Amino acid sequence: MTHPRIRPNNLHLSTAKPSQSLSNEELPVAAQMEYARWFRGFRTVANKKEMVQAIANTISRYQLQKWVASLRFEKQAQGEFYFFIGFDRLEFGQVPEEIEETLLQLRYFTNPIEDYYFDQLQNIATGDLEVQRYGQRLRLPSLRMAALEDPFDQSDDTQNSIDDTHTERWDKLMLWLSALGKGSWETFQRGCQQLQIISKPRQVLRTLRLLGHIETFPDGTRWSINPITLEGNTEKGYLLLGRRSDEVLNLLAQYGEVIIKPMEKSPSQVHWRPADPNSTLPINNLVYTNAINTWTEHLPSIEEWQDYLEILPNMDLSRFEARIYDGQNFIPVLRVEESGLYQLFMLNVQTKFPRATLYYDQSKKCLYRADWYGLRFLTLYTREVLHPVKYDSKKLQLAVLLDQRFPEFYERLLVLSSGKLPKLQNDWLIYSDISPSLMATITKKLHLKVERKNHE
Amino acid sequence: VQLKVLHQSDDYATTIRYDYYFFQGDIMPNYQEWNHAIATHTISIASSGSVIFLNINEQELRRIGTTRFRRHKARDWLEDFCKAIRQEVNKNNFVNIKHLYSVDADNRVPNGVAFLAATVLAAYRMTDENDESGINYFKRLRDILDLQSEKGGRPLGMEGGQEEPLWLAWERWLNQQNFLCGAKRKSSNYISYPISQAILRRIDQTSLYRFFKEKNAFFQTTLFDERSLLSTLKPFRDRVTKHLSELLNSQLTRDEDELGSALLQALEDWREGNTSGDNLTVQRLTAGLYRTEDWLSGEIQYLLHPRQRRGISLENTSVLIDGQLFNLTAERNSWCYPISNLDSSWLEEGFSFQSQGNQYIDALVLPKRECWILVRDPEQPESPDRASWGQPVLGEPFILLAQQKHLSDLERLKIEGYIQWQDNPQEVLAGWLELKNCVSLIQDWSEVIVNQKLVEALKPRVSLGLSLFGGLQVGGSWISEHGPTLTVHSFDHELELKITRLNQEDLKAANTINMVIESNKELNVSDWKEPGVYQIRVLSHGQSIERLISIKAWNELVMAEEIVCESLQIGNYQIQGSNWLEVNHDTSKNSSK
């Protein structure tokens, strides 16, 4: 049998593996016994009670008891966790087809970690390992917590290395989009390809939405550039959002100070400070906004946000092959029934790309469509595996784990606060210019705990 | 006292503005104002790359006067126009036009357009079908210019075709706006210019009215659009004037839009009893079909796709469909945003929807058709949406929406190799089948014995087709260094291709590339580096096809005008960028795209 040896860096299991090159003396004691019990580790996100039930049912249904002897969990397993299935009377690492094609087809077994001898697990587990008891937990570090490093450490900050040529391409893209006004997703893709923008068009589109330049139809098939918008206030100055042209920039320059900052992987930031706060710009349909004030006043909670999402009624799911998100990967399932994030692949269409990624809410029996990160966040939220965000009140920086990125709607507010995309640092997204009140509002609405940076 | 008010800017050029002129008292528009109004009216809803006709007649002048000049007192616009022309060019019975060879310094419109319009008006009024010598034509022109001379023929000042530079200036100006000019001279006969522009002359209209009257019930009740009326009249070309008969028999697809539009106008005038053209006929807008497909569910949706009409502003215009009002909003030249889901029952006999809020329009008409051809968006060819934008380019696949009863005919055409399509026909609307990726394969359909309306719709009208794809397109232009690739579809294997870059100022050839190319193959023929207008001409066995490509520099890009913007809906609010808007439920249900 072959399977991917996915192994997180922070998982402190013994790396010793059985190998044909090892002499018999070098093998762990248990391995020297003929067909001693051994374990295969897996990583998953699941409801443990449901999982145990499903595994037990499968073992019983296919009469696998003669081989499958034990099931163990990571200690304090919650949300995403490791578990180990123990086999008797089988050669180390060799699983018969009867198990491969039945038990290991369950979604929980999609991410194998490693095969272990009994001795190896015993060494890892503190305290006694009662082999005969189902559900014994292993003491393993939490998958998530070991990844935590100081998100505010700027020693590895490469943000200042701006690729000017690249910025110019983004600026050209903005000019072209402003001239077009609106278009299809395919047109947008063509523009990105023509201008040789390295990021994927989907990422480009998302970036432009986050920065307030563009909006898309909910299914993403059409886009339109936003009206010329000045976001901010007279005190701090304004950011130019939405459509732009040389003519608009010249006009702004006539009525105040324009600072154009090249940005990485996004269009140049245009900052404008009026010479006279009372002057009226001669630009038709100009929109002034102050998002931080307006948005925080109306900001919905995560539950309200879910209620506002587009529901796809009458989806014929029989046309698709479904895969559910287990916290790390998408694994095949027979049908969409458990709440969670699903990838849907068209049946009989050979592609590695899903047709859609949707969220299914079992209690409401509804399929939701929204931005990918938003639906993933919703999944993690409902499974209660979200980790606290970090806030540095001195630097006004908010750090969010990369793999629990906020729904785009909330993230846009964070981005608009500075007009800049977040910096990526050690698996954390760092948002700048986040006031304590904005941080408090947004974390409250998303029910997130906050860890504050201690400066003393 | 007059006041020129900037109303809106048009897409076609940064320097040309669509103005309304407000007049008080009895002051009439002068020559320059007519000149500008006629030029901008003529191209007002034309699609980029299309052929423009200076198709001026009495009703058209009244329409321009009414819609472009606002005044307190009702005027006889036709009389005003003639007076303005006379004041400008009639110098003691001598036609002084040399000063009109120039271009208006303010708006860069050639100064001769209004005079040329007067010559087309003369052609419109001709009563003699065979006026080789031009006596009949010049008599009408003399009347318009009020030339007091007993001598016939060419007036003084117009000897030897002195009006030709005006036509050439008009063509140059149209080319600069990325349009082709419909005015062409036949041999050395200069009066062929205006005659070629008067698509339907008064005598042609009269013969049409007579024919409509003969088939009174049919023409009173059938719902037509430009194309369906054209194909209905084609078999009856022996019942109308020789000129109109030739037009109906013409293989030149470039004339068909203008002809269809003129025929429809004639039908509406006849229905309204306005055959003298003394009044402005209240018009009907026509609708095509717009098709979208949900990429996730695969659900196919058909929408009504209203078409604009020249000289009619859509301000405050709405259409009542199934008790719901839909605002009409211009989406681009020629077309509005699609509205309202299509009900298949409307397709069978066509349907007329009452319009509101616009005194010049009384209905939106979905015509009766045997089948609909849906092609890709000419301005955004990558878009998966399809619509009845126009005739398919030879060799480019289209979607055919046909009544189920035609399936056996279509299958026969497929078996005999006239057309092909992919997948099984799918019933997408009750009684209507959709055939995807349809292509017409054979040029000569004369042997085909199936429903003639199907044949008329499906047979290739031309033997050459030119597809432009890729690059960065804005409106009908491309951006420097991001021009399109070319594919020439032809029944021949090898073709001659000639690409000429025209000087921006005088549109004279700056450089030319000649090459022999292979048909039906995508080609990168130029780097499109230099901004300007490129003339592409493909020749094959005496047939030719021409297209202008406009290449713009980055600094020539102009922001799109107001559009219907997408938004993110959060409860009762819509988010556009950083803007948080409260939803107005009265308007949100209007335009569906």
Side-chain angles (χ1 to χ4, degrees), chain A residues 172 175-176 178-184 186-187 189-191 194-195 212-219 221-229 231 239 241-248 284-285 287 289-291 294-295 298 300 304-305 307-308 312 314-316 319 344 355-356 369 409 412 416, chain B residues 6 8-9 11 14 292-299 331-332 337 376-377 379-385 469-475 477-479 481-484 552 554-582 593:
Chain A
K172 280 185 170 175
L175 285 179
W176 179 63
S178 301
L180 272 184
K182 62 181 173 55
S184 65
E186 290 77 9
T187 308
Q189 282 176 300
R190 185 188 67 191
Q194 277 288 321
L195 293 168
H213 296 309
I214 212 169
E215 292 295 342
T216 49
F217 196 67
D219 66 5
T221 55
R222 295 193 301 278
W223 58 268
S224 66
I225 191 108
N226 288 322
I228 306 168
T229 306
E231 155 64 22
L239 291 172
L241 309 181
R243 59 189 67 190
R244 58 173 70 166
S245 68
D246 289 350
E247 195 184 352
V248 169
N284 288 337
N285 305 315
V287 178
T289 60
N290 191 335
T294 321
W295 287 44
H298 301 288
E304 289 168 326
W305 175 77
D307 288 342
Y308 297 148
L312 300 176
N314 313 321
M315 268 282 291
D316 179 9
R319 300 170 60 231
L344 299 179
R355 190 74 171 196
R369 174 153 63 185
F409 167 69
R412 191 190 299 191
L416 287 174
Chain B
L6 185 69
Q8 67 176 73
S9 66
D11 278 338
T14 52
T292 63
E293 185 173 345
D294 189 304
W295 59 276
L296 179 56
S297 67
E299 186 191 349
E331 190 259 348
R332 66 176 76 177
Y337 281 95
R376 68 182 193 182
D377 184 343
E379 292 192 6
Q380 297 202 13
E382 300 82 2
S383 168
D385 293 355
F469 203 79
L472 283 184
Q473 206 175 354
V474 178
S477 303
W478 277 262
I479 302 175
E481 296 184 32
H482 298 283
K552 287 186 173 174
W554 279 101
N555 61 10
E556 288 179 275
L557 293 191
V558 181
M559 280 192 301
E561 291 296 327
E562 276 183 71
I563 49 162
V564 178
C565 288
E566 306 293 351
S567 57
L568 173 67
Q569 184 105 11
I570 295 288
N572 285 327
Y573 297 94
Q574 286 179 340
I575 316 292
Q576 274 177 3
S578 56
N579 200 12
W580 191 290
L581 303 155
E582 197 155 357
K593 281 183 81 71

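What you see is a predicted model; the values in this text were computed from it and never measured. Side chains are part of it too, since the values below use all heavy atoms of this structure and drop only hydrogens, waters and symmetry mates. Proteins come first, then strands; the chains are lettered A, B, ... in the order of their sequence lines, and each starts at number 1.
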Student check: side-chain heavy atoms of Leu568(B) and Arg412(A) closer than 4.5 Å
yes
Do any N or O atoms from the side chain of [X] and from the backbone of [Y] form a donor-acceptor pair under 3.5 angstrom?
X: Trp176(A); Y: Trp554(B); result: no
X: Glu382(B); Y: Arg190(A); result: no
X: Trp295(A); Y: Ser578(B); result: yes

Could you tell me how the ring of Tyr573(B) sits relative to the ring of His298(A): parallel (under 30°), tilted (30 to 60°) or perpendicular (over 60°)?
tilted
Nearest-0.5 Å distance that lies between atom CG in Leu180(A) and atom CD in Gln380(B):
6.0 Å
Working to the nearest 0.5 angstrom, can you tell me the gap between Gln194(A) CD and Ile479(B) CD1?
9.5 Å
With the threshold set at 4.0 Å, does a side-chain nitrogen-carboxylate oxygen contact exist between Glu566(B) and Lys182(A)?
no
Measure distances from [X] to the heavy atoms of chain B and classify the residue's part below 4.5 Å as side chain, backbone, both or neither.
X: Arg244(A); answer: backbone
X: Asp316(A); answer: neither
X: Ile214(A); answer: neither
X: Leu416(A); answer: side chain

